[in-house]
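Atom set for the values below is all heavy atoms of this structure, side chains included, hydrogens, waters and symmetry mates excluded. All chains are named by letter (A, B, ...) in the order of the sequence lines, taking the proteins before the strands, and each is independently numbered beginning at 1.
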Number of protein chains: 2
Amino acid sequence: MVETFAALAEPNRFRIVELLRSGPRPVNTIGERLALRQPQVSKHLKVLKAAGLVEVEPRAQQRFYALRPEPLRRLDDWLDRYRQLWDERFDAMDEVLEELTQKEDEG
Amino acid sequence: MVETFAALAEPNRFRIVELLRSGPRPVNTIGERLALRQPQVSKHLKVLKAAGLVEVEPRAQQRFYALRPEPLRRLDDWLDRYRQLWDERFDAMDEVLEELTQKEDEG
DNA sequence: AAAGAATATTCTAGTCAAGGCATATTCGAC
DNA sequence: GTCGAATATGCCTTGACTAGAATATTCTTT
């Protein structure tokens with residue numbers, strides 16, 4: 001989870017992921033499209049691959065990189081545990097606050 | 001978006017967010033619970049606050065930090081644009097890739 | 001085998017962020 | 001106003017990350 005966040009926290013890596021949303025691409029077109037030098041693209045892709053966000057498919061001398069859904073799905077699952085924070089009553093928090101101030105206990 | 005990822009990419013910050021899911025807490029209890037020194041907790045909370053992930057409510061000398069839903073909701077919206085990758089059978093992508101590589105191998 | 005295209009790796013330098021520690025600040029109790 | 005509790009800030013050191021440039025590797029073609 002944290003590794004996914006770390007991978008997406010880098011601006012250029014984020015742009016690469018966004019670009020790949022439209023489909024797999026070889027390294028050079030990514031670099032052209034995002035105005036990044038080839039070595040940087042390869043490095044970023046390496047990180048994205050280590051995080052499972054991307055997979056490679058060799059084709060001739062080119063390597064097509066494609067998005068992998070798994071980490072994003074896991075992110076979605078993680079968010080699920082937080083959805084109550086805005087989906088439903090948010091005011092229950094105030095009660096908890098009251099409670100905490102009285103009993104300084106920690107569980 | 002990237003700022004949200006950056007905030008959550010730090011392990012201890014992630015743990016703080018997870019802890020705050022159960023409700024607002026003062027700084028010291030966070031430190032105790034996560035075995036972090038007080039200055040680090042304050043620094044991490046500062047980053048989380050700058051990212052909008054957290055808000056403060058002073059109470060006596062204590063400061064209760066609570067989760068803010070907005071960034072998580074925006075994350076959810078962002079994920080929405082990727083859900084087709086796994087919601088529908090977008091695995092067609094894999095097929096296409098397979099096909100392309102096979103065609104190349106055999107041709 | 002040689003050449004060329006596409007990509008990966010290495011090395012270096014500069015930057016940024018995190019932890020540790022000391023200290024400053026804020027606020028309530030007396 | 002002073003003291004003490006809770007929290008924030010500053011400084012320093014260290015480790016990690018990134019870009020740049022050069023070079024190595026891989027695969028294809030001839």
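Distance check, rounded to the nearest 0.5 Å: CD of B:E3 to CG of B:L53 gives 8.5 Å.
Linking ILVMFWY side-chain heavy atoms closer than 4.5 Å, directly or via other members, places A:L79 and B:F14 in a single hydrophobic cluster.
What separates CD of B:E32 from C1' of D:dT7 is a distance of 14 Å, to the nearest Å. As rounded to whole Å, 11 Å separates atom P of D:dA8 from atom CD of B:Q62. Here the P atom of nucleotide D:dA21 and the CG atom of A:L36 are 14 Å apart, to the nearest Å. Atom CZ in A:R59 sits about 11 Å away from atom P in D:dT28, given to the nearest Å. Between B:I30 atom CD1 and D:dT7 atom P the separation is 9 Å, expressed in whole Å. For the pair A:L45 CG and D:dA19 P, the interatomic distance rounds to 12 Å; values are reported in whole Å. Protein atom CD of A:E10 is 13 Å distant from nucleotide atom C1' of D:dA16, rounded to whole Å. Whole-Å rounding puts the A:R37 CZ to D:dA22 P distance at 11 Å.
In this structure, the side chains of B:V56 and B:L45 stay at 4.5 Å or more apart for every pair of heavy atoms. Side-chain contact between B:Q40 and B:N12 is absent, with no heavy atoms from C-beta onward closer than 4.5 Å.
Although no hydrogens or angles enter the test, the distance criterion places no donor-acceptor pair under 3.5 Å between the side chain of B:R25 and the main chain of B:I30. Judged by distance alone, with hydrogens and angles left aside, the side-chain atoms of B:S22 form a donor-acceptor pair with the main-chain N or O of B:L19 at under 3.5 Å.
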task = Please lay out, stage by stage, how A:L72 and B:W78 fare under the test side-chain contact (heavy atoms from CB on, under 4.5 Å).
result = CA-CA 10 Å; A:L72 298 175; B:W78 178 78; 4.1 Å; yes
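Of the side-chain N and O atoms in A:N12, none sit less than 4.0 angstrom from OP1 or OP2 of D:dT18. Contact annotation: A:H44 does not reach the phosphate of D:dC17 (side-chain N/O to OP1 or OP2, under 4.0 Å). Note on B:R63: every side-chain N or O is 4.0 Å or more away from OP1 and OP2 of D:dT7. In terms of phosphate contacts, B:Y65 brings a side-chain nitrogen or oxygen within less than 4.0 Å of OP1 or OP2 of D:dA8.
Remark: A:E57 does not engage A:R59 in a salt bridge, criterion side-chain N to carboxylate O under 4.0 Å.
In this structure, A:P26 reaches the sugar-phosphate backbone alone: every heavy-atom distance under 4.0 Å involves primed, P, OP1 or OP2 atoms, never a base. Note on A:K46: only backbone sugar-phosphate atoms sit closer than 4.0 angstrom, heavy atoms only; bases stay farther off. When heavy atoms are screened at a 4.0 angstrom cut-off, A:Q40 is found touching base atoms of the nucleic acid.
When distances run from any side-chain atom of B:P39 to the nucleotides D:dT28, D:dA22, C:dC21, the shortest one goes to C:dC21.
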message = As a check on the pairing definition, encode DNA chain C in dot-bracket form, counting Watson-Crick and G-U wobble pairs whose two distances are under 3.5 Å, and using | for partners outside this strand.
response = ||||||||||||||||||||||||||||||
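Ranked by how close their nearest DNA chain C nucleotide is to the 5' end, A:K43 and A:Q61 are led by A:Q61.
Residue-to-nucleotide contacts include a donor-acceptor pair under 3.5 Å from the side chain of B:Q38 to the base of D:dA8.
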